[in-house]
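Down below is the structure, laid out as structure tokens.
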Number of protein chains: 2
Amino acid sequence: MAAQTKGPGGKQPTINDVAALAGVSKKTVSRVINRSEFLTEKTRAAVEKAIEQLGFVPNPQARALAFRRNFLIALLHDNPNAQTVLNFQRGVLDAIKDSDLALLVRPVDRGSDKLLDDVRTFLEKQRPIGAMLLPPISENDDLAALCEDLGVRYVRIGSAPLDDAKHCISSNDREVVAEAVRGLIALGHRRIGFVRGPVGFRSAAEREKGFLEALAEAGLTLPAELNAPGNYRYTAGIEAGEALLSRADPPTAIFCSNDEMAAGVMSVAHSKGIKVPGELSIIGFDDSPTATHIWPALSTVRWPIREMGIRAAQTLVPDFLSPGAKADDEGNVLPSTLVERQSVAAPPGR
Amino acid sequence: MAAQTKGPGGKQPTINDVAALAGVSKKTVSRVINRSEFLTEKTRAAVEKAIEQLGFVPNPQARALAFRRNFLIALLHDNPNAQTVLNFQRGVLDAIKDSDLALLVRPVDRGSDKLLDDVRTFLEKQRPIGAMLLPPISENDDLAALCEDLGVRYVRIGSAPLDDAKHCISSNDREVVAEAVRGLIALGHRRIGFVRGPVGFRSAAEREKGFLEALAEAGLTLPAELNAPGNYRYTAGIEAGEALLSRADPPTAIFCSNDEMAAGVMSVAHSKGIKVPGELSIIGFDDSPTATHIWPALSTVRWPIREMGIRAAQTLVPDFLSPGAKADDEGNVLPSTLVERQSVAAPPGR
DNA sequence: GGCATGCTGGACACCGGTATCAATAATTGC
DNA sequence: GCAATTATTGATACCGGTGTCCAGCATGCC
């Protein structure tokens, strides 16, 4: 007698339909859905059969309302590197796959003076359980404060710890950059150029620190004329390449703070007839698709971005994930790795 | 006397709080929120003042429940080209910015035999108003049928109309490819190679059609030995490049069905010492970041992907967007454009 | 056999909005 | 000036779940 409209275009069955079919109350069905204890095996089986039969799927909006919290997490980003965002997204989705959570993606404009208002409106409207901040906006302390204020959990993804461990997933970029540069020095490079990232970016600062560290260890310094400004864009790489490679005494190797700029430097080298890696070694950072698509393929640093996505989810919402509720304090620094391709060799004289 | 817990960590004010403060019923507040007519200017002002004062933001879950539909649209994709996905996403978000809608992004695995089940589960669980299918999964008729079945609106993004206009946003890829190839012929190229896309992809077939069309117009044909298989990946470009450029009679130009494969062909040319564009012209498709990052910069076809995102939103949920409720039948074919860069020139002999 | 105890499962209120429909206020016609 | 008409508002049920709290029943104990 229960109206069980089903099938194409029809209404979705509700918990009441299930309860009626199984001959129990809706609360009992609710218990089954939420895996409550205190249930006879018999009752559980009956309810599960009814659920199966009706193809019942709980309405997430209703659950959200009743639970007084929804099951959304937000990913906020303003990243020029699409692959990074998507890989991170994949990691997060891998982590929440078997949970009730869904992911809301929100690109923002870090340049806008309404950034904070935008994010506030978004968070107030959607009320996600938590938010993930990808670099570079993860470096914005006001955003973190805003989340705190609104009672929204958050994690910040960064190149170095920015906050206490429970709010921060990072990688050891500085160390790996240093390792890469040590490699150049070991090959015999002495005049090594550097293309910086944008001013005020933590990631840029970390890469620079690693670079200078390695030079210092070898008793080398970075002459001002080999230190080029940059902003992570291809065109900045072009400009830096022009500046560094037009000199009478060009560097024999250049470390670029990301792959796009490295591609720019590489283009300049090609157009000037400078052989890479024979006459010039180049190293980038990110391991973006560009790194493998340019010729010769770029040696670079691979950021464990997908793993960071997984870890970010585990840190943000451990209570919603089944087993991997890891919360080990220091586990939130993940290792970047050096990827050696064809853009590095010994300098000409050796 | 009304309890207005506000501020950090406090509860969000509800419609009841607003009603109490404004001295009206909750239904009236609801009317204000939903811009109902039949409201005195005075009442509206009073309610709006209370909303403002309390910083009230309606709970989307509660609205979704009461409206019997949520305000989510889903973006389903399995796209190797991250930039495309992100640009499309931007377009959609631009379009829905001032609406109540939110965007749920869902990567899927087109290779999985559980694809349909995955998508079904996702749609049943989240119950979005509509779904957007990006290529290549947009070509999957079963997915479209599934949406239909579940009563979820959908639009398919493709290289050519796949369905009736109200379900399909496409671009005129065939024509633009033909235009590009005509350009090569006009420059004097006669032996033009082709690197195909993956078998069974509509996008690949369209590009091939355009290519052959232009050849036919000029009375040319594509010799089997210049027709290389591909799968849109860089490595396929490498293989195709090896096959085509190792011949005694190599082509003087190669059209590649996407940029990544073009980058592969370009790498092979570089490593064989073949000058691009002096000895070999190359054209790609997509205008991905790779196209500008490689050297020389790649001539390619730009897909109006962001505009397609906007149009997709307008087609999918015109009733939720304010003015741009365009539904003109034939307006859903958007123009791709040829982007001329430095990888094309006249063939050696001319 | 009667009673305390521990499990189960149900009745009912509630989450924060919207729909229905009747009640009330404002306007109009004559 | 009064009834008829129309514009505006409110009372109450309801959307589809969950929490609270209590009742019913089987069991163990004396």
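Just so we're on the same page: letters track the sequence lines, and every chain starts at 1. Just so it is clear, the structure is predicted and the values come from calculations on it, not from any experiment.
The side chain to side chain contact (heavy atoms under 4.5 Å, CB included) search around A/A19 returns A/K26, A/V29, not counting sequence neighbours. Checked against side chain to side chain contact (heavy atoms under 4.5 Å, CB included), A/Q83 has the following partners two or more places apart in sequence or in another chain: A/N81, A/N87, A/P289, B/A82. Judged as a side-chain hydrogen bond (donor to acceptor under 3.5 Å, both in side chains), and not counting sequence neighbours, A/T14 has no contacts. In terms of the side-chain hydrogen bond (donor to acceptor under 3.5 Å, both in side chains) criterion, residue partners of A/R153 (sequence neighbours excluded) are, by chain and number, A/D319. With sequence neighbours left out, the side chain to side chain contact (heavy atoms under 4.5 Å, CB included) criterion links A/K49 to A/Q53.
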Check: residues 118-125 of chain B side-chain donor-acceptor pairs under 3.5 Å, at least two apart:
residue	atom	partner	partner atom	Å
B/T121	OG1	B/D117	O	2.8
B/K125	NZ	A/S99	O	3.3

For residues 106-116 of chain B, tabulate all N or O donor-acceptor pairs below 3.5 Å that involve a side-chain atom, not counting sequence neighbours.
residue	atom	partner	partner atom	Å
B/D109	OD1	B/G111	N	3.0
B/R110	NH1	B/D78	O	3.3
B/R110	NH1	B/D78	OD2	3.4
B/S112	OG	B/K114	N	2.8

Please set out all donor-acceptor pairs under 3.5 angstrom arising from side-chain atoms of residues 55-62 of chain A, sequence neighbours excluded.
residue	atom	partner	partner atom	Å
A/N59	OD1	A/Q61	N	2.7
A/N59	OD1	A/A62	N	3.1

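The shortest distance between the side-chain N/O atoms of A/T28 and the OP1/OP2 oxygens of C/dT8 is not below 4.0 Å.
With axes fitted over five pairs at each extremity, the angle between the ends of the helix from C/dG1-D/dC30 to C/dC30-D/dG1 is 40° (10° resolution).
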- request: List the protein contact pattern of nucleotides 21-26 of chain C with one symbol per nucleotide (5' to 3'): B for base contact, S for sugar-phosphate-only contact, - for none; contact means a heavy-atom distance under 4.0 Å.
  value: ------
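Residue contacts shown for A/V29 are absent, as no nucleic acid heavy atom lies under 4.0 Å away.
Rounding to whole angstrom units, CZ of residue A/R44 and C1' of C/dC7 are separated by 14 Å. Nucleotide D/dG17 holds its C1' atom 15 Å from the CZ atom of A/R69, rounded to whole Å. At whole-Å resolution of the value, CG in A/N70 and C1' in D/dG16 are 16 Å apart. If you measure from atom NZ of A/K42 to atom C1' of C/dC7, you get 14 Å, rounded to the nearest angstrom.
Sorted by first then second residue, the salt bridge (Lys or Arg N to Asp or Glu O under 4.0 Å) pairs that include residues 91-103 of chain B, not counting sequence neighbours, are B/R63-B/D100, B/D94-B/R306.
One can find a donor-acceptor pair under 3.5 Å joining the base of C/dA19 and the side-chain atoms of B/K27.
Here the closest non-hydrogen pair linking A/G130 and A/V152 is CA-CG1, 3.7 Å.
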Distances for protein N/O vs nucleotides 14-17 of chain C N/O pairs under 3.5 angstrom?
residue	atom	partner	partner atom	Å
C/dG17	OP1	B/N59	N	3.1
C/dG17	OP2	B/I15	N	2.7
C/dG17	N7	B/K26	NZ	2.8
C/dG17	O6	B/K26	NZ	3.0

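In this structure, B/Y154 and B/H167 have parallel ring planes: the angle between them is below the 30° cut-off, well short of the 60° mark.
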